[in-house]
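Taking it in order: structure first as structure tokens, then the write-up.
Both backbone and side-chain heavy atoms feed into the values below; hydrogens, waters and symmetry mates do not. All values reported here derive from a predicted model rather than from experimental measurement. Numbers restart at 1 for each chain; the letters A, B, ... are given by sequence-line order, proteins then strands.
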2 protein chains.
Amino acid sequence: MRQGAYTVTMQHVLTAISDPTRRAALALVWDGGEHCVCELMARLNASQSRMSRHMKVLREAGLVLDRRDAQWVRYRRNPQLAPALVAIVDAVLAAEGVHERKVA
Amino acid sequence: MRQGAYTVTMQHVLTAISDPTRRAALALVWDGGEHCVCELMARLNASQSRMSRHMKVLREAGLVLDRRDAQWVRYRRNPQLAPALVAIVDAVLAAEGVHERKVA
DNA sequence: AACGCATATGCGGCAAGGCGCATATACAGT
DNA sequence: ACTGTATATGCGCCTTGCCGCATATGCGTT
């Protein structure tokens with residue numbers, strides 16, 4: 001049945017966005033564009049293995065999709081994400097966005 | 001400054017709702033009423049120390065408030081919670097609620 | 001085929017989190 | 001004061017999670 005699988009996904013989503021670095025990566029990818037790991041590494045000041053692993057978690061939670069493009073792997077927001085889960089991500093990113101305005 | 005403190009709270013909130021038992025407890029308390037630990041224990045089938053600790057995490061995240069009432073401690077939703085954080089909780093609880101309808 | 005760049009992953013260490021058990025604390029009733 | 005009920009917490013165990021390092025893999029260039 002779907003119910004069980006869904007609850008697991010929900011749990012995965014929450015676990016995924018509970019890490020600051022992953023939230024930051026998600027925020028970058030949430031613009032709808034494609035971003036290679038090297039870009040995310042640079043912008044988030046994260047090591048290669050660390051970044052790669054974090055993206056894996058986001059991917060396995062269903063939040064992002066990845067695509068091979070020559071030597072790069074492009075990550076992008078998953079457009080098929082269930083609306084209820086999109087709502088969660090939007091709420092979280094919005095809550096973080098509230099402050100940075102002050103700085104910017 | 002407030003910004004740092006807020007980000008920490010945000011992190012606390014996400015950590016708090018990342019646990020299934022805590023989400024369930026939050027859902028119960030989210031009705032606006034007061035609930036003693038014994039009630040939550042019974043309804044969530046959790047041990048006493050486990051329930052008490054989980055509620056402590058929710059309290060420290062600012063999600064709930066507690067009040068002594070004779071031998072009981074009544075927990076309730078925190079009405080002062082920042083709107084941006086309320087939005088997160090609402091989104092999460094709504095996402096979970098989607099399924100239980102099928103069962104009920 | 002050899003090299004270089006980009007990404008993924010096995011491994012080990014270390015810190016954080018959840019739980020049960022026992023105990024402490026708070027309060028009410030007798 | 002003593003007992004019973006309700007809740008909190010110190011402690012130790014065990015699991016999970018994050019990270020760096022080293023290595024493997026995929027792909028393009030020469």
Side-chain angles (χ1 to χ4, degrees), chain A residues 7-29 33-78 92, chain B residues 7-29 33-78 92:
Chain A
T7 299
V8 169
T9 297
M10 151 76 116
Q11 180 61 54
H12 285 169
V13 166
L14 290 175
T15 303
I17 60 180
S18 286
D19 180 274
T21 301
R22 285 196 293 262
R23 273 202 304 283
L26 196 59
L28 290 179
V29 156
E34 288 189 321
H35 306 265
C36 65
V37 178
C38 54
E39 180 199 337
L40 300 172
M41 280 175 62
R43 297 178 64 176
L44 300 180
N45 202 13
S47 79
Q48 191 272 314
S49 69
R50 196 169 150 240
M51 198 71 249
S52 178
R53 270 181 232 275
H54 278 314
M55 295 315 291
K56 181 180 187 178
V57 173
L58 291 176
R59 174 165 25 92
E60 290 180 339
L63 291 170
V64 303
L65 299 178
D66 64 328
R67 172 177 78 89
R68 252 282 165 197
D69 177 16
Q71 51 217 117
W72 300 277
V73 172
R74 314 282 188 182
Y75 280 94
R76 65 185 185 281
R77 169 179 176 167
N78 176 11
V92 169
Chain B
T7 298
V8 169
T9 298
M10 152 76 117
Q11 181 61 53
H12 285 170
V13 166
L14 290 176
T15 302
I17 62 179
S18 286
D19 180 272
T21 303
R22 285 196 294 261
R23 273 202 304 285
L26 195 58
L28 290 179
V29 158
E34 288 190 321
H35 306 265
C36 65
V37 178
C38 54
E39 179 199 338
L40 300 172
M41 281 176 61
R43 295 178 64 175
L44 300 180
N45 203 13
S47 78
Q48 192 271 314
S49 69
R50 196 169 151 239
M51 198 72 248
S52 178
R53 269 182 234 273
H54 278 313
M55 295 314 292
K56 181 181 187 175
V57 173
L58 290 176
R59 174 168 23 94
E60 290 180 339
L63 292 170
V64 303
L65 299 177
D66 65 327
R67 171 177 78 89
R68 253 283 164 197
D69 177 16
Q71 51 216 121
W72 300 277
V73 173
R74 314 283 188 181
Y75 280 93
R76 65 185 185 283
R77 169 180 175 167
N78 176 11
V92 169

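Taking the side chain of V37(A) as heavy atoms from C-beta on, and the options dG20(C), dT9(D), dT7(C), the nearest nucleotide is dT7(C). The side chain of Y75(A) approaches dA8(C) more closely than any other nucleotide in the set dA8(C), dG18(C), dA8(D). Checked against dT7(C), dG28(D), dG20(C), the side chain of A70(A) finds its nearest nucleotide in dG28(D). If you check dT7(C), dG4(D), dG18(C) against the side chain of Q71(B), the one that comes closest is dG4(D).
Note that CG of L28(B) and CZ of R23(B) are 13.0 Å apart. Values are rounded to the nearest 0.5 Å.
A distance-only check finds no donor-acceptor pair linking the side chain of R22(A) to the backbone of A24(A) [under 3.5 Å]. The main-chain N or O of V29(A) is never found under 3.5 Å from a side-chain atom of R77(A) such that the two would form a donor-acceptor pair. With hydrogens and angles disregarded, no donor-acceptor distance shorter than 3.5 Å links the side chain of H54(B) to the backbone of A25(B). A donor-acceptor pair under 3.5 Å is absent between the side-chain atoms of S52(B) and the main chain of Q48(B), judged by distance alone.
Atom pair L58(A):CG and dT7(C):P shows a separation of 15 Å (rounding to whole Å applied). Rounded to an integer number of Å, the gap from R68(B) CZ to dA28(C) P is 9 Å. The separation between D19(B) atom CG and dA16(C) atom C1' is 14 Å, rounded to whole Å. Atom CD in Q11(B) sits roughly 11 Å away from atom P in dC18(D) (whole-Å rounding). Atom NE2 in H12(B) sits roughly 12 Å away from atom P in dA16(C) (whole-Å rounding). Look at CZ on R67(B): it is 15 Å from C1' on dA6(D), rounded to the nearest Å. If you measure from atom CD1 of I17(B) to atom P of dG18(C), you get 13 Å, rounded to the nearest angstrom. Taking atom CE on M51(B) and atom P on dT9(D), their separation rounds to 15 Å, with Å as the unit.
When the side-chain nitrogen and oxygen atoms of S52(B) are compared with OP1 and OP2 of dA8(D), one or more of them lie within a distance under 4.0 Å. Taking only side-chain nitrogens and oxygens, H54(B) comes nearer than 4.0 Å to OP1 or OP2 of dC19(C). Listed pair R50(A) / dC21(D) fails the phosphate criterion, with no side-chain N or O lying under 4.0 Å from OP1 or OP2.
Along DNA chain C, the nucleotide nearest W72(A) and the nucleotide nearest K56(A) are compared for position; the residue whose nucleotide lies closer to the 5' end is W72(A).
Counting atom types as modelled, R53(B) pairs a side-chain N or O with a base atom of dG20(C) as donor and acceptor under 3.5 Å. One donor-acceptor pair, N or O on each side, does fall under 3.5 Å between the base of dA8(C) and the side chain of Q48(A).
Contacts of S49(B) with the nucleic acid, taken as non-hydrogen atoms under 4.0 Å apart, include base atoms. Residue-level contact check: S47(A) touches the backbone only, with heavy atoms under 4.0 Å from sugar-phosphate atoms and none from bases. As judged by a 4.0 angstrom heavy-atom cut-off over every strand, R74(A) is placed among residues making no nucleic acid contact.
By the 6.0 Å contact criterion, CG on D69(A) is enclosed, its count of non-hydrogen atoms from other residues, nucleotides or ligands being greater than 12.
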